[in-house]
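See structure below.
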There are 2 protein chains.
Amino acid sequence: MKNEISKAERTRQLIIEKTAGIFNTKGYAGTSLSDLTDATGLTKGSIYGNFENKEEVALACFDYNLAKINTAVQQLISEAGSFTDKLLVYTRAYHSMTGIEFPEGGCPILNTAVDADDTNNLLKDRVAKAILAWKKRLIDLIKGGIEAGEFTADTHPEQLALSLIALIEGGIMIAKATNSPNSLNKVLKTVEFLIRHQKS
Amino acid sequence: MKNEISKAERTRQLIIEKTAGIFNTKGYAGTSLSDLTDATGLTKGSIYGNFENKEEVALACFDYNLAKINTAVQQLISEAGSFTDKLLVYTRAYHSMTGIEFPEGGCPILNTAVDADDTNNLLKDRVAKAILAWKKRLIDLIKGGIEAGEFTADTHPEQLALSLIALIEGGIMIAKATNSPNSLNKVLKTVEFLIRHQKS
DNA sequence: TCAATAAAATACCGATCGGTATATTTTAGT
DNA sequence: ACTAAAATATACCGATCGGTATTTTATTGA
């Protein structure tokens, strides 16, 4: 019964899967080691045998949560034909937070950005990189759309990319805080408007 | 030397002023009572003599931080003439987060909305009310602009109001997380575009 | 000025925090 | 099946957590 992946690797994965939602919901400071042991059924000794400290677990969980969203969205984008449709994927993916499967606790970029503002530089660096990568992917799609003649030449790629991200994340914040998924959908209508408004 | 306001009231105010920035920066769970005693120079006994518990201090601090922003913005809005100019106040007030004086730690609505998602229902209720009140004020300005003939009749007040809030809060999140105040300014350009685009 | 009262400091509570040294159990190669 | 190594559990560490009962100090009205 020799397995490809080691026991340690399987445990690491179990810890990440069982606790990613907790960190994303309660934040770094709000998540305790007993939260981790309760969720996994493991002991502190086991967790610290697989991770150096609590921060390393949080970092792995952030990567896990982020990848979950990114792979789902990138899949939809790869299936879309035009650059316009690729950008419009976001209005579908985030619709009522049900277009793709989200991590428990919502968007890890929003949560971690606000949570790790100070106190945790490693987490802050990672969320900054995630936002910049997202921005770059959007800019590439917008520039592609300009070159393909879908968008007018006077479209501002960076401003549009940043505005789409801000609308989505701000919309998520409003929807969660006011318990109104439909508020997010209204904001996504503006996302759609901004994308379609660049039509040449 | 008899004073109008009691000693207790002055101490309460001191505690709020000295700790409002800490709660707004480190979050509720991340702020400890020793943070409060360090910042105020008071002891735990004194703080608990003026507040029932840590949560009550956090609630008072949220109100304080929120009022600071709201009064400054409302002042600028009252000085503006047209409904268009009143709405455009936001692009000035939030420009590089320097148009008005912000609480230490940034926007309390964004911070508290994400921080108090779970674990703290009183804080969550308060931030929900703050967002809904903000939305209502924006809707009133937009409807006023429609009635005054500044905006076209097919403007959607709620969608526009929610989108402006989402852009501002999302823009703040991006700017802080990536250490780039200019990203917020680019997002505010879209805020301006959306407002001016409703011109009839 | 002087009590009555209010406010702040001291000293303490049990619980939990993140983390670790060590012992026990499980895995995996032979 | 046996053993060396890896993984997990146990038991513990000092520090800090939020909160409180009690004592000391400061305020305030007469």
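Proteins get letters first, then strands, A, B, ... in listed order; numbering begins at 1 in each. This structure is a prediction, so every number in the text was calculated from the model and none was measured. All heavy atoms count here, side chains included; hydrogens, waters and symmetry mates do not.
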[X] side chain near [Y] side chain, heavy-atom distance below 4.5 Å:
{"X": "A/I131", "Y": "B/M173", "result": "yes"}
{"X": "B/T11", "Y": "B/I47", "result": "no"}
{"X": "A/L167", "Y": "A/L188", "result": "no"}
{"X": "B/I109", "Y": "B/I165", "result": "no"}

Item to check | Sub-6.0 Å ring centroid separation between A/F193 and B/H156 | outcome: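 Between B/H156 and A/F193, which both carry aromatic rings, the centre distance is not below 6.0 Å.
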Rounded interatomic separation in angstrom, taking [atom1] from [X] and [atom2] from [N]:
{"X": "A/E56", "N": "C/dG18", "atom1": "CD", "atom2": "C1'", "value": "15 Å"}
{"X": "A/L33", "N": "D/dC13", "atom1": "CG", "atom2": "C1'", "value": "14 Å"}
{"X": "B/I47", "N": "D/dC17", "atom1": "CD1", "atom2": "P", "value": "12 Å"}
{"X": "B/N120", "N": "D/dG18", "atom1": "CG", "atom2": "P", "value": "13 Å"}
{"X": "A/E55", "N": "C/dG18", "atom1": "CD", "atom2": "P", "value": "13 Å"}
{"X": "A/E9", "N": "D/dA7", "atom1": "CD", "atom2": "P", "value": "10 Å"}
{"X": "A/R10", "N": "D/dT8", "atom1": "CZ", "atom2": "C1'", "value": "14 Å"}
{"X": "A/K54", "N": "C/dT16", "atom1": "NZ", "atom2": "C1'", "value": "12 Å"}

Checklist entry - Using 30° and 60° as the class limits, which term best fits the ring planes of B/Y90 and B/Y94: parallel, tilted or perpendicular? => result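 It falls in the parallel class, under 30°.
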Checklist entry - For B/D117 and A/T25, what are the C-alpha separation, side-chain angles and deciding distance, and is it a side-chain hydrogen bond (donor to acceptor under 3.5 Å, both in side chains)? => result CA-CA 7 Å; B/D117 242 351; A/T25 302; over 6 Å; no
Item to check | B/Y48 side-chain N/O to D/dT20 phosphate OP1/OP2 under 4.0 Å | outcome: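 Looking at the OP1 and OP2 atoms of D/dT20, neither is under 4.0 Å from any side-chain N or O of B/Y48.
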Checklist entry - Quick one: is B/S34 getting a side-chain N or O under 4.0 Å of the D/dC17 phosphate, OP1 or OP2? => result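 Answer yes for this pair, as a side-chain N or O of B/S34 is under 4.0 Å from OP1 or OP2.
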Dump every N/O contact between nucleotides 8-12 of chain C and the protein below 3.5 Å, one line per pair.
from, atom 1, to, atom 2, distance (Å)
C/dA8, OP1, B/K7, NZ, 2.9
C/dA8, OP1, B/T11, OG1, 2.4
C/dA8, OP2, B/N50, ND2, 3.0
C/dA9, OP2, B/T43, N, 3.1
C/dA9, OP2, B/T43, OG1, 3.0

Item to check | Sequence neighbours excluded - salt bridge (Lys or Arg N to Asp or Glu O under 4.0 Å) pairs with any residue from residues 58-68 of chain B | outcome: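 Those involving residues 58-68 of chain B are B/D63-B/R126, B/K68-B/E101.
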Next on the checklist: Any base atoms under 4.0 Å from A/T40, or only sugar-phosphate, or nothing? Heavy atoms, all strands.
Outcome noted: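 The answer is nothing, as A/T40 stays clear of every strand by at least 4.0 Å.
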Checklist entry - Contact class for A/T37 vs. all strands (heavy atom < 4.0 Å): base, sugar-phosphate, or nothing? => result nothing
Next on the checklist: So if I take residues 14-29 of chain B and measure heavy-atom distances to DNA chain C, which residues fall below 4.0 Å?
Outcome noted: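 Here the set is empty: none.
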Checklist entry - Around B/E52, counting heavy atoms of other residues, nucleotides and ligands shown, do more than 12 lie under 6.0 Å from its CD? => result no
